[in-house]
There are 2 protein chains.
Amino acid sequence: MARNPAPTPRGDLLIVDALAQFSFLIQGTLEGRASEHDLSMIQTRLLGVLRDRRPTMNQLAMLLGLDKSSVTGLVDRAERRGLVARVPSTTDGRAVLVTLTDAGRTSVAAVAAGFETDVAAILAALPTSDRRALSALVSRVLVAHATARGVDLFATSS
Amino acid sequence: MARNPAPTPRGDLLIVDALAQFSFLIQGTLEGRASEHDLSMIQTRLLGVLRDRRPTMNQLAMLLGLDKSSVTGLVDRAERRGLVARVPSTTDGRAVLVTLTDAGRTSVAAVAAGFETDVAAILAALPTSDRRALSALVSRVLVAHATARGVDLFATSS
DNA sequence: TATTGTTATACTCTATAACTATA
DNA sequence: TATAGTTATAGAGTATAACAATA
């Protein structure tokens with residue numbers, strides 16, 4: 001958690017504080033871009049997840065870490081706005097598949113593009129070699145974390 | 001925004017995706033620790049901000065980026081739980097100062113400690129020199145970003 | 001008249017529990 | 001009987017607009 005003011009008088013922040021502040025910066029950036037399209041973070045995550053999936057409501061709940069009843073409302077509101085659609089499963093009469101509409105795909109692409117612009121601007125403070133170093137370090141941490149959990153970051157999703 | 005699956009077949013993720021995923025990892029970690037104490041992210045941010053401040057409701061709204069009416073409810077719920085207290089200002093009859101109670105300070109300290117443990121565990125994947133390098137790079141980005149906004153990250157707060 | 005804070009209202013987001021329909 | 005999804009309900013969190021009290 002970010003401490004205020006920084007505990008070190010000058011120079012680097014403590015790494016915990018630096019990472020906390022950094023994550024707030026990135027999240028805030030994404031939130032700002034999402035709100036340009038009247039999207040909350042969870043709606044944005046929903047659309048993001050649907051870019052390369054067509055999950056059932058239940059799978060969606062697991063992907064987003066929500067209760068299935070929460071997903072019902074989430075998808076209701078997104079569907080009302082024409083961003084997603086419910087499609088009955090042909091193989092299971094109980095199941096419902098959720099898909100991105102064209103409008104939803106357009107929205108999520110716009111948010112992603114804006115976000116990429118923002119991240120590029122934030123990283124412009126670093127010379128190219130440092131940017132690459134940062135990317136490599138963060139990637140290493142992510143891969144290690146995913147591996148520790150038995151997840152393959154590079155696996156093709158179902 | 002994190003893309004799924006990763007667009008690069010093997011090796012580093014694109015830097016935007018890496019930073020997005022990383023920020024979700026850090027935020028998720030903090031959220032998990034906060035929920036151990038039945039604290040939402042915004043309640044945790046509230047307590048965090050109050051660790052070294054005694055702001056008015058209005059200042060709190062600016063610090064948290066919320067409308068003042070939202071802060072009324074936020075502080076109401078925190079006060080009901082005994083985490084913060086309202087103190088009438090002695091210099092302005094309209095103003096109310098918000099302070100952390102001992103219970104609030106204990107809670108926020110516990111969350112911070114747990115979070116630090118988690119971050120240390122996440123970073124254990126990197127050798128010490130790389131951890132230092134990551135810290136330095138992130139700090140540099142944060143300082144540059146703050147400076148661009150005319151904020152002094154190391155200023156003593158009021 | 002302007003500012004500080006609260007209230008009233010409405011909406012999103014979330015979970016738990018109970019329900020319907022299908023497997 | 002078990003699973004997929006929805007509904008009912010309750011509460012947190014948020015903003016806008018209107019208000020009371022103080023400056």
Side-chain angles (χ1 to χ4, degrees), chain A residues 27-28 30-32 34-50 53-99 107, chain B residues 27-28 30-32 34-50 53-99 107:
Chain A
Q27 293 285 316
L30 182 50
E31 227 171 285
S35 80
E36 286 180 352
H37 301 265
D38 288 305
L39 290 172
S40 65
M41 279 298 283
I42 186 62
Q43 287 285 343
T44 305
R45 282 223 292 151
L46 168 64
L47 301 188
V49 151
L50 293 178
R53 287 180 188 86
R54 177 189 283 247
T56 64
M57 295 293 284
N58 230 335
Q59 291 170 333
L60 209 40
M62 283 189 288
L63 286 165
L64 298 175
L66 296 175
D67 187 88
K68 55 185 181 162
S69 66
S70 303
V71 176
T72 295
L74 197 64
V75 169
D76 280 351
R77 292 184 291 274
E79 196 174 27
R80 211 179 302 142
R81 292 178 54 182
L83 300 172
V84 308
R86 280 178 166 95
V87 181
S89 168
T90 54
T91 59
D92 186 335
R94 302 166 298 177
V96 175
L97 307 182
V98 184
T99 69
S107 287
Chain B
Q27 293 283 317
L30 183 50
E31 228 171 286
S35 82
E36 288 181 350
H37 301 265
D38 287 306
L39 290 172
S40 65
M41 278 299 281
I42 186 60
Q43 287 286 345
T44 304
R45 282 224 292 150
L46 168 64
L47 302 188
V49 151
L50 293 179
R53 287 180 188 83
R54 177 189 283 245
T56 65
M57 295 294 284
N58 228 336
Q59 291 170 334
L60 209 41
M62 285 187 290
L63 286 165
L64 297 175
L66 296 174
D67 188 84
K68 54 185 180 160
S69 66
S70 304
V71 176
T72 294
L74 197 64
V75 170
D76 280 351
R77 292 184 290 274
E79 195 174 26
R80 212 178 300 141
R81 292 177 55 183
L83 301 172
V84 307
R86 280 176 165 96
V87 181
S89 167
T90 55
T91 60
D92 187 334
R94 301 167 300 180
V96 175
L97 307 182
V98 184
T99 69
S107 287

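The structure presented is a predicted model; accordingly, all values stated were derived computationally and were not measured. Throughout, a chain's letter reflects where its sequence line sits, starting with A, and its residues are numbered from 1.
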State which residues pass side-chain contact (heavy atoms from CB on, under 4.5 Å) with [X]; sequence neighbours excluded, sorted by chain then number.
X	answer
B:S35	none
A:E79	A:V84, A:R86
B:M41	A:F24, B:Q27, B:L30, B:E31

Can you measure [X] atom [atom1] to [N] atom [atom2] for me and round it to whole angstrom units?
X	N	atom1	atom2	answer
A:Q43	C:dT14	CD	C1'	13 Å
B:L64	D:dA15	CG	C1'	15 Å
A:L74	C:dA15	CG	C1'	14 Å
B:D38	D:dG13	CG	P	11 Å
B:L60	D:dT14	CG	C1'	15 Å
A:M41	D:dA12	CE	C1'	18 Å
B:L46	D:dA12	CG	P	15 Å
A:R45	C:dC13	CZ	P	12 Å

My understanding is that only residues two or more places apart in sequence, or in another chain, count here; which of them pass side chain to side chain donor-acceptor pair (under 3.5 Å) with [X]?
X	answer
A:S69	A:D67
B:E36	B:R33
A:T91	A:S89
A:N58	none

Legend entry - Any A:S70 side-chain N or O less than 4.0 Å from OP1/OP2 of C:dC13: no
Inset, instruction - Ignoring backbone atoms, establish whether A:R77 has a side-chain N or O less than 4.0 Å from OP1 or OP2 of C:dC11. - result: no
Legend entry - Base-pairing string, 5' to 3', of DNA chain C - Watson-Crick or wobble, under 3.5 Å, | interstrand: |||||||||||||||||||||||
Inset, instruction - Would you mind building the protein contact string for nucleotides 2-10 of chain C? One character per nucleotide, 5' to 3', B for base within reach (heavy atoms under 4.0 Å), S for sugar-phosphate only, - for untouched. - result: BBBBBB---
Legend entry - Nearest non-hydrogen partners of A:P55 and A:Q59, listed with the distance: CA-OE1, 3.3 Å
Legend entry - Side-chain heavy atoms of A:V96 within contact of A:V75, under 4.5 Å: no
